Amino acid sequence: MITVIGSINMDLVVRTDHFPKQGETRLGNLFATIPGGKGANQAVAAARLGADVTMLGVVGNDAFGHELVQTLKNEGIHTETIQQAAEPTGIANILVSNKDNRIIVVPGANHAWDAQMIEAMEAIIPKSKVVVFQLEIPVDMVRRGLALCKEHGVQAILNPAPTDAFTEDLLDHGALLTPNESEAETVWGAEWKDAIREFPNQVVVTLGKDGAMYPGANDAVYVTGYPVEVVDTTGAGDTFNGALAYGLSQDWELSKAIEFANAAASLSVEALGAQTGMPALDAVIERMRR
């Protein structure tokens with residue numbers, strides 16, 4: 001079983017041809033409300049591939065919260081450990097252009113963790129094969145969850161986004177860290193490629209269209225990406241993490257799991273919305289064959 005411990009948001013998406021400059025107003029050409037949150041996205045990505053997935057998170061007792069929980073249920077994800085809070089459901093304001101996106105997250109209920117959620121985490125982690133975390137929930141909860149994974153010998157993946165709350169002690173628990181290139185630079189500076197050599201097989205850096213890389217025992221290992229026609233890159237990293245969790249839950253070697261995750265992520269950017277383009281297993285296998 002894969003357990004995802006993290007955020008559940010409603011994405012408020014605006015698409016425009018060009019981002020406005022400071023103080024400038026531009027016309028957009030699309031607005032949509034799309035289920036999101038890095039935690040929920042990663043749970044959906046793993047479930048679409050056929051994994052048995054449980055989601056731990058918090059939503060508000062509001063229309064967005066009810067819709068988001070039902071969406072996860074529709075994907076076959078176990079939602080019994082999703083709690084309702086007095087705070088409103090979290091949202092992400094996403095501005096999308098032809099080749100980029102900019103995101104502001106308002107956590108809302110995602111930060112309303114309490115003793116009941118801690119108990120749920122302590123109960124579910126020992127039963128899990130892989131546990132996936134991000135940093136859109138309180139970092140103390142992530143730290144506690146990582147410690148539980150280490151205690152019970154459970155593989156943990158930590159996607160350090162957003163990086164504001166990241167501290168290097170989070171690496172002490174043996175989690176596999178999965179930053180993108182920008183996040184790696186925020187964490188370790190411009191010389192991040194040298195810095196991550198200290199963590200062989202513990203850091204995987206996603207490189208967009210160029211694939212991914214990780215420090216092996218002796219040297220950096222690069223896994224190539226796939227050429228695609230990009231529609232929206234919003235869910236690519238989350239798809240990568242969900243697919244990586246799937247691969248590791250199947251006891252694949254890290255290199256094979258990364259190759260699989262690259263293929264899944266390449267499919268995800270071909271549709272608008274973080275969850276919309278997340279692929280099924282047969283589509284990923286077909287892309288890898290090509």
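Keep in mind that what you see is a predicted model, and the values were worked out from it rather than measured. Residues: numbered from 1 along the sequence shown.
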Might you work through the side-chain contact (heavy atoms from CB on, under 4.5 Å) test for Leu56 and Ile82, ending with a clear yes or no? CA-CA 5 Å; Leu56 272 72; Ile82 295 176; over 6 Å; no
Would Phe166 and Thr186 count as a side-chain contact (heavy atoms from CB on, under 4.5 Å) here? Give the steps. CA-CA 10 Å; Phe166 179 80; Thr186 299; over 6 Å; no
Dump the intermediate steps for side-chain contact (heavy atoms from CB on, under 4.5 Å) on Leu68 and Thr89, then the final yes or no. CA-CA 9 Å; Leu68 290 168; Thr89 299; 3.5 Å; yes
Determine, step by step, whether Asn262 and Thr224 satisfy the side-chain contact (heavy atoms from CB on, under 4.5 Å) criterion, reporting the C-alpha distance in whole Å, the side-chain angles of both residues, the deciding distance to 0.1 Å, and the verdict. CA-CA 8 Å; Asn262 270 343; Thr224 57; over 6 Å; no
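A donor-acceptor contact shorter than 3.5 Å links the side chain of Ser7 to the backbone of Gly39. The main-chain N or O of Val53 is never found under 3.5 Å from a side-chain atom of Thr3 such that the two would form a donor-acceptor pair. Side chain of Asp219 to backbone of Pro215: no donor-acceptor contact under 3.5 angstrom is found. Not a single donor-acceptor pair under 3.5 Å links the side chain of Lys150 to the backbone N or O of Gly145. Side chain of Gln202 to main chain of Ala175: a donor-acceptor pair is present (N/O by atom type, distance under 3.5 Å, no hydrogens or angles). No side-chain donor-acceptor contact under 3.5 Å links Thr239 to the backbone of Ala264. For the pair Thr206 (side chain) and Gly208 (backbone), a donor-acceptor distance under 3.5 Å is absent.
Taking each heavy atom of Ala161 and Glu183 in turn, the nearest pair found is CB-OE2, 3.2 Å. Between Phe133 and Cys149, the shortest heavy-atom distance links the atoms CE1-SG, 3.9 Å. In terms of heavy atoms, Ala243 sits closest to Leu49 at CA-CD1, 3.6 Å. Taking all atoms of both residues into account, the shortest heavy-atom contact from Ala212 to Val204 is CB-CG1, 4.2 Å. Ala265 and Ala236 get closest at one heavy-atom pair: CB-O, 3.6 Å. Taking every heavy atom of both residues into account, Ala271 and Thr276 meet most closely at CB-CG2, 4.3 Å.
By the side-chain contact (heavy atoms from CB on, under 4.5 Å) test, Ala147 pairs with His173, sequence neighbours left out. Partners of Asp282 under the side chain to side chain donor-acceptor pair (under 3.5 Å) rule, at least two apart in sequence or in another chain, do not exist in this structure. Qualifying side-chain contact (heavy atoms from CB on, under 4.5 Å) partners for Asn201, counting only residues two or more places apart in sequence or in other chains: Tyr214, Leu254.
Residues Leu177 and Leu171 meet the side-chain proximity criterion, which asks for heavy atoms closer than 4.5 Å. Between Asn180 and Val205 the shortest side-chain heavy-atom distance does not fall below 4.5 Å. Considering only heavy atoms from C-beta on, Phe64 stays 4.5 Å or farther from Ile8 through its side chain. In this structure, Gln70 and Asn74 have side chains that are in contact, with non-hydrogen atoms separated by less than 4.5 Å. The shortest distance between side-chain heavy atoms of Pro179 and Thr163 does not fall below 4.5 Å. With contacts defined as side-chain heavy-atom distances shorter than 4.5 Å, the pair Val132/Ile2 qualifies. Within the 4.5 Å cutoff, no side-chain heavy atoms of Val106 are placed close to those of Asn93. The side-chain heavy atoms of His111 and Glu87, taken from C-beta on, include no pair separated by under 4.5 Å.
Leu30 CG: more than 12 foreign heavy atoms inside a 6.0 Å radius. Around NZ of Lys193, the count of heavy atoms belonging to other residues, nucleotides or ligands within 6.0 Å does not exceed 12. Around the CG atom of Asn29, the shell of radius 6.0 Å holds more than 12 heavy atoms that belong to other residues, nucleotides or ligands.
In this model, no donor atom of one side chain and acceptor atom of the other lie less than 3.5 Å apart for Ser97 and Arg15. A donor-acceptor pair shorter than 3.5 Å can be found between the side chains of Asn110 and Asn9. A side-chain N or O of Asp169 and one of Thr167 form a donor-acceptor pair less than 3.5 Å apart. Side-chain contact annotation: Asn159 with Gln134, donor-acceptor N/O pair under 3.5 Å absent. For the residue pair Asn41 and Gln275, a side-chain donor N or O sits within less than 3.5 Å of a side-chain acceptor on the partner.
There is a path of hydrophobic side-chain contacts, each under 4.5 Å, that joins Val14 to Leu12. Taking hydrophobic clusters as Ile, Leu, Val, Met, Phe, Trp and Tyr residues chained together by side-chain heavy-atom distances below 4.5 Å, Leu135 shares a cluster with Leu148. Cluster annotation: Val187 and Trp192 are assigned to the same hydrophobic cluster (Ile/Leu/Val/Met/Phe/Trp/Tyr, side-chain heavy-atom contacts under 4.5 Å, transitive). In the hydrophobic clustering of this structure, Ile137 groups with Leu146; members are Ile, Leu, Val, Met, Phe, Trp, Tyr whose side-chain heavy atoms approach within less than 4.5 Å, directly or through other members. Using a 4.5 Å cut-off between side-chain heavy atoms of Ile, Leu, Val, Met, Phe, Trp and Tyr, with links allowed through other members, Trp252 and Met1 fall into different hydrophobic clusters.
To the nearest 0.5 Å, the span separating CD on Glu168 from CZ on Phe199 amounts to 5.0 Å. Put simply, CG on Asp251 and CD on Gln155 are 10.0 Å apart, with the number rounded to the nearest 0.5 Å. One distance of note links CZ of Phe260 with CD1 of Ile285; it measures 6.5 Å at 0.5 Å rounding. Note that OG1 of Thr233 and CD of Glu270 are 13.0 Å apart. Values are rounded to the nearest 0.5 Å. For the atom pair CZ (Phe240) and OG (Ser268), the distance works out to 11.0 Å, reported to the nearest 0.5 Å. Glu191 CD to Glu185 CD: the interatomic distance, rounded to the nearest 0.5 Å, is 9.5 Å.
Look at Arg26 and Glu24 and you find a salt bridge, because one of the NZ, NE, NH1 or NH2 atoms lies within 4.0 Å of a carboxylate O, short of that distance.
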